[in-house]
Trainee: 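The structure's right below; bear with me while I get my questions together.
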Amino acid sequence: MGYTLITGACGGLGRAFCKELIKTDDLFIVGRNAQRLHVLKEELLKIRKDAKVEFFEADIAHVSQREKLLEYVDFKEIKFGGVFHVAGADIQKEFIKYTPEKIRFQIRVNFEAAVSLTHEVLKRREKEIKILAVSSICGTVPMPYFALYSATKSALINFFVGLRYELHNAKVTTLIPGSIPTREDIVEDIKKQGVTGKLSSKSPEFVAKKAIKALNKNKPKVITGAFNKFVYFLEKITPTKVKCRYIAKKWSKKEKDAF
């Protein structure tokens, strides 16, 4: 069966995926903090004592650290039966205020790393493999003041929906969630959005279960939550100019850079 690789494993959504997948899968968890990975491994082994859990500390935005990760994988002769791309960075501010480093960072962690690791995992795959990429409802529409984030999340959707038609013996699904209360700043954002924030928000556990269910059914995309599906429908019938003006007015009032 092979291991299932999970990036961003120590985050709120990553942990939810780990705790759900450990019931059936052996896991290879990746994050930026070795101590947190070790603690997570111990928690997972309490759920299923006979599971195999490998972990590796790496910032996947850096090519050199991804290379070290792959060296470890090859040293251990690990094969993969799945990969879940959960790691991501949501920076919200006027584009001109970005530094060159922040531009590269967000593109790399949100898109390049997922594509690159998928390529390497496919070289080391079992006969059957499952792939899930975490995008966002923000990736379904251009978003002023969130433009780079929405663009990278849109790229994920297009890449993985396209890739599924190239692969054999593979299930490929792109997850398109709304707000997920995984950090304090996100919780505050949800509160400030009022009713719409509350309706859009779903717990990490809810999102993880819905995503895995959709992946097992080999659905191309899964949007979690009835309200987010309604928003997606409205986006499709609303002119781009109208959407962008509304988003620009709303999102220009706040800046966020948690990374």
Side-chain angles (χ1 to χ4, degrees), residues 4-25 27-33 35-48 51 53 55 60 82-92 109-110 113-114 130-140 146 149-150 152-153 156-157 160 173-193 195-217 219 221-229 231-232 256 258-259:
T4 295
L5 173 68
I6 305 176
T7 68
C10 294
L13 184 57
R15 291 173 68 88
F17 273 122
C18 288
K19 290 184 177 181
E20 194 65 28
L21 289 167
I22 196 64
K23 298 172 184 177
T24 56
D25 294 18
L27 302 183
F28 191 111
I29 56 177
V30 179
R32 296 187 292 178
N33 186 296
Q35 180 59 32
R36 293 179 68 190
L37 288 167
H38 176 74
V39 171
L40 177 58
K41 176 179 177 178
E42 295 303 310
E43 291 177 4
L44 295 174
L45 291 175
K46 289 179 182 178
I47 297 174
R48 182 164 69 90
V53 180
F55 71 83
I60 61 169
V83 56
F84 280 56
H85 298 291
V86 187
D90 53 334
I91 299 171
Q92 176 191 344
V109 73
N110 283 1
K130 56 189 178 184
I131 301 171
L132 185 132
V134 179
S135 180
S136 168
I137 195 71
C138 295
T140 62
F146 220 21
Y149 178 80
S150 65
T152 54
K153 291 299 185 177
L156 279 179
I157 296 171
F160 284 100
T173 297
T174 305
L175 169 61
I176 305 175
S179 300
I180 308 174
T182 55
R183 302 192 312 263
E184 290 185 6
D185 62 296
I186 297 176
V187 172
E188 286 301 313
D189 285 345
I190 293 170
K191 289 180 180 178
K192 290 177 181 178
Q193 291 172 28
V195 176
T196 57
K198 184 176 181 180
L199 291 172
S200 173
S201 176
K202 294 295 179 184
S203 71
E205 294 76 17
F206 175 91
V207 173
K209 289 178 180 179
K210 289 290 184 180
I212 292 170
K213 183 177 180 180
L215 178 60
N216 288 334
K217 292 182 178 180
K219 292 186 176 182
K221 295 181 284 189
V222 53
I223 301 172
T224 50
F227 179 75
N228 294 317
K229 292 176 182 177
V231 169
Y232 182 75
K256 179 174 66 174
F259 296 89

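This structure is a prediction, so every number in the text was calculated from the model and none was measured.
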Trainee: Quick one: pull up NZ in K256 and CD1 in I91 and give me the separation to the nearest 0.5 Å.
Mentor: 10.0 Å

Trainee: Pair up each side-chain donor or acceptor in residues 7-17 with any protein partner under 3.5 Å, not counting sequence neighbours, and list the distances.
Mentor:
{"unit_1": "T7", "atom_1": "OG1", "unit_2": "V86", "atom_2": "N", "d": "3.0"}
{"unit_1": "T7", "atom_1": "OG1", "unit_2": "A87", "atom_2": "N", "d": "3.2"}
{"unit_1": "R15", "atom_1": "NH2", "unit_2": "E43", "atom_2": "OE1", "d": "2.5"}
{"unit_1": "R15", "atom_1": "NH2", "unit_2": "E43", "atom_2": "OE2", "d": "3.2"}

Trainee: Rounded at 0.5 Å granularity, tell me how far SG in C18 sits from CZ in F55.
Mentor: 12.5 Å

Trainee: For residues A51 and I22, report the shortest heavy-atom separation together with the two atoms involved.
Mentor: CB-CD1, 3.6 Å

Trainee: Do N110 and Y149 have side-chain heavy atoms sitting under 4.5 Å apart?
Mentor: yes

Trainee: Working note: F160 + S135, criterion side chain to side chain contact (heavy atoms under 4.5 Å, CB included); need CA distance, chi angles, decisive distance, verdict.
Mentor: CA-CA 10 Å; F160 284 100; S135 180; over 6 Å; no

Trainee: Side-chain contact, heavy-atom cut-off 4.5 Å: L44 with L40?
Mentor: yes

Trainee: Looking at every non-hydrogen atom in both residues, tell me the closest pair between G178 and I137 and how far apart they are.
Mentor: CA-CG2, 3.9 Å

Trainee: Could you pull out the closest heavy-atom pair between P177 and V207, with the gap in Å?
Mentor: CB-CG1, 4.3 Å

Trainee: Donor-acceptor pair, K219 side chain versus A211 backbone, under 3.5 Å?
Mentor: no

Trainee: To the nearest 0.5 Å, what is the distance between NE2 on H38 and CD1 on I29?
Mentor: 10.5 Å

Trainee: Residues in side-chain hydrogen bond (donor to acceptor under 3.5 Å, both in side chains) with K210, at least two apart?
Mentor: none

Trainee: Go through the structure and list residues passing side-chain contact (heavy atoms from CB on, under 4.5 Å) with S200, not counting sequence neighbours.
Mentor: S179, F227, N228

Trainee: Can you list the residues that meet the side-chain contact (heavy atoms from CB on, under 4.5 Å) rule with E205, with sequence neighbours excluded?
Mentor: S203

Trainee: Would you name the heavy atoms of V30 and L37 that are closest together and state the gap between them?
Mentor: C-CD2, 3.9 Å

Trainee: List in chain and number order the residues that pass side-chain contact (heavy atoms from CB on, under 4.5 Å) with T4, two or more places apart in sequence or in another chain; answer none if no residue qualifies.
Mentor: I6, L21, D25, L27, F84, K130

Trainee: Atom CD1 of I157 and atom OG1 of T140: how far apart are they, to the nearest 0.5 Å?
Mentor: 6.5 Å

Trainee: CZ/R32 to CD1/I60 distance, rounded to the nearest 0.5 angstrom?
Mentor: 9.5 Å

Trainee: Just wondering, more than 12 heavy atoms not from R36 lying within 6.0 Å of its CZ?
Mentor: no

Trainee: Measure the CD1-NZ distance between I223 and K229 for me, rounded to the nearest 0.5 Å.
Mentor: 7.5 Å

Trainee: With a 4.5 Å heavy-atom cut-off, do V83 and F28 have their side chains touching?
Mentor: no

Trainee: The criterion is salt bridge (Lys or Arg N to Asp or Glu O under 4.0 Å); which residues satisfy it with K23, sequence neighbours excluded?
Mentor: E20

